Amino acid sequence: MSTRIVYRNFTYSKCVLRPLVCGESVLHSGTVMKLQTFPLCAYLYLMAAYGVQASQQGVYKSPRVPEEAHFVESFDSGPLERRWVVSKAPKEHDRNSPKYEGQWALEKPDNQASSGNWGLVMKSPGQYHAIAAPLRTVFHFRDKPLILQYEVLFQNRAECGGAYIKLLSHTPQLQLSQFNSSTPFSIMFGPDKCGSNQKVHFIFQHRNPLTGQYQEKHARQPDNDLSKYFTDHQAHLYTLRLYPDNIYEILIDQSLISKGSLLEDVDPPVNPPREIPDPDDTKPADWDDRRRIPDPKAAKPSDWDDKAPKHIPDSTVPKPPGWLEDVEPFILDPKAQRPDDWDEEMDGEWELPRVPNPACAQVPGCGPWVPPIIHNPAYKGKWGPPLIDNPHYQGEWRPQMIPNPWYFEDKAPFQMTAVAAVGLELWSLTGGVLFDNILLCSDFSVAQRWTDNTWGPRKTPGPVMQLLLAAQEHPWLWGVYVFTFGLPAILFISFMWPDKRFGPMNQDYYYKKCDAPQPDSLHDLETMPNQEAYGAVKKTELRKREASYPRKQKF
């Protein structure tokens, strides 16, 4: 779209929302307006792209609840108390005081206040929070995968705190109203940060088949830089996929960041070693494990002085003339007075402070003169024989290995304790952590449909949106954008776009460089005010250079 604008005798085209270049902004008088118009066009284009993407992100429709899911929660309908139970568990050392005093609330995200999307917000900074909800159907670890996903939005900059979720074990003792840090869980998954330590936890409880005791197994942390997920004020989708063949996958925003095996990539390992060092084995008394020993044939040189000091006074430096050895460099301050609030019982006996002696101000120095200290050239340190390889070296001693009496082999750690509830038991230094669109299922098609209906319309913004969001937080980036993207295009247009002054000589618009600016049409001439003041000529006297007019030769 182009709009013709007449300004005095100059006519130019103002481009609007051109995506790449503003070629129609060429002036008949040169390329000056190209330089002025392109940044405006680029800015308008970026803002238009921003508006389109923002409007797309603002569209929200509450997703349909999949009946196949074991647990699903969008927080878009009904009061919080209808399904979720806030913990009333007391403190460990004070049974009369509640431990989890942090408040929960259903709120809209700050960046989606105009939409119909709601989320669960952990409100109280610096306090413990705990809330849980039962599953629609108990999840059993048998022959189907486990798919857990949910969204987290750190509305305030995360400093220290977690946003992980717990899958609570299906046990007769499970009481959601008493949910606390000791409540058994099968899986814990999600982001956690404190200072510069940033993690995405995947922890599962493994039952020792010999003792019946449970032990936490921690998946290895990914190598990715996770800092942006805690600081960019954007919602992120965290997904855990756990397969019956003991393979796990961790995704953020549908991108795989970690993959491993429950048998090989967790710490401590699921299965203990087959052999262990014999705890009753002891090192023999004659075992020589010294790799190098002092040379027994070496003798101390006769001129070696162990007692020579490392530093000595420099005897070549004489005492400066005028040095007053009998005068103290510091004297008692005669003007000092004992403070009125001085307490001898508390502060001790009061003494006059010392000040520099005025008599020493006009001389090189006062008090005993000591020559400067230098390194002693005769110093060699304490003598010791050189080391040689030990001819009797037997290597590093290790106890012998014996069969591990606690050895077992669990080939299916995937078969964990069934899950009966979902819980959030957290602490955060900064409040405002929002949770949304929690899903637990075993069908990939169900998970994909849920993702398309929830995360899909509000996924991570594209490159243009990311650039604009970054510029909103750091306005100086606008200068970088104009210089990076605008300058190459401006230079290209300036040098490559055809200029009418250099068109064919047989065209009406081929003007002499010394000619006055020419109107585009008779209508423009008639509408120009004060024509003679601007050097305009009459309609009948418009000068055009004839096509046959020869060019002036330059020598």
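Only this structure's heavy atoms are used, side chains among them; waters, hydrogens and symmetry mates stay out. As the structure is a computational prediction, the values presented were derived from the model and not from experiment.
Within a 6.0 Å sphere centred on CG of D326, heavy atoms belonging to other residues, nucleotides or ligands number 12 at most. Within a 6.0 Å radius of CD in Q337, no more than 12 heavy atoms belonging to other residues, nucleotides or ligands are found. By the 6.0 Å contact criterion, CZ on F141 is enclosed, its count of non-hydrogen atoms from other residues, nucleotides or ligands being greater than 12.
Y164 and F189 have their aromatic ring centers separated by at least 6.0 angstrom.
Side-chain N/O atoms of E249 and Y243 include a donor and acceptor closer than 3.5 Å. For the residue pair D253 and S255, no side-chain donor N or O sits within less than 3.5 Å of a side-chain acceptor on the partner. Side chains of N437 and E151: a donor on one and an acceptor on the other come within 3.5 Å. Between the side chains of T417 and Y214, at least one donor N or O lies within less than 3.5 Å of an accepting N or O.
The nearest pair of heavy atoms linking V317 to W369 is O-CH2, 3.2 Å.
Taking the charged nitrogens against the carboxylate oxygens, D333 and K335 have no contact shorter than 4.0 Å, which rules out a salt bridge. Taking a cutoff of 4.0 Å between a charged side-chain nitrogen and a carboxylate oxygen, D265 and K259 do not qualify as a salt bridge. With respect to D306 and K380, no salt bridge is recorded, no charged nitrogen being found less than 4.0 Å from a carboxylate O. Note on R354 versus E328: no salt bridge recorded, every NZ/NE/NH1/NH2 to OD/OE distance being 4.0 Å or above. A salt bridge is absent between E396 and K283; no separation between the charged side-chain nitrogens and carboxylate oxygens falls under 4.0 Å. Of the charged side-chain nitrogens involved, at least one lies within less than 4.0 Å of a carboxylate oxygen, so that D389 and R292 count as a salt-bridged pair.
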Task: Derivation and outcome, ring-ring contact (aromatic ring centres under 6.0 Å, His included), residues W104 and H129 - done: CA-CA 8 Å; W104 298 92; H129 298 68; 5.4 Å; yes
TODO: Test E344 against R338 for salt bridge (charged side-chain N to carboxylate O under 4.0 Å, His left out), laying out the working first.
DONE: CA-CA 11 Å; E344 291 190 357; R338 174 177 173 173; 3.3 Å; yes
- [ ] Start with the C-alpha gap between Y393 and W287, add the side-chain angles, then the distance that decides, and say whether ring-ring contact (aromatic ring centres under 6.0 Å, His included) holds.
- [x] CA-CA 8 Å; Y393 174 68; W287 189 276; 9.0 Å; no
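For K99 and Y128, the positive end sits near the middle of the six-membered ring, less than 6.0 Å away and at most 45° from its axis.
Remark: the backbone N or O of G348 is paired with a side-chain donor or acceptor of W342 at under 3.5 angstrom.
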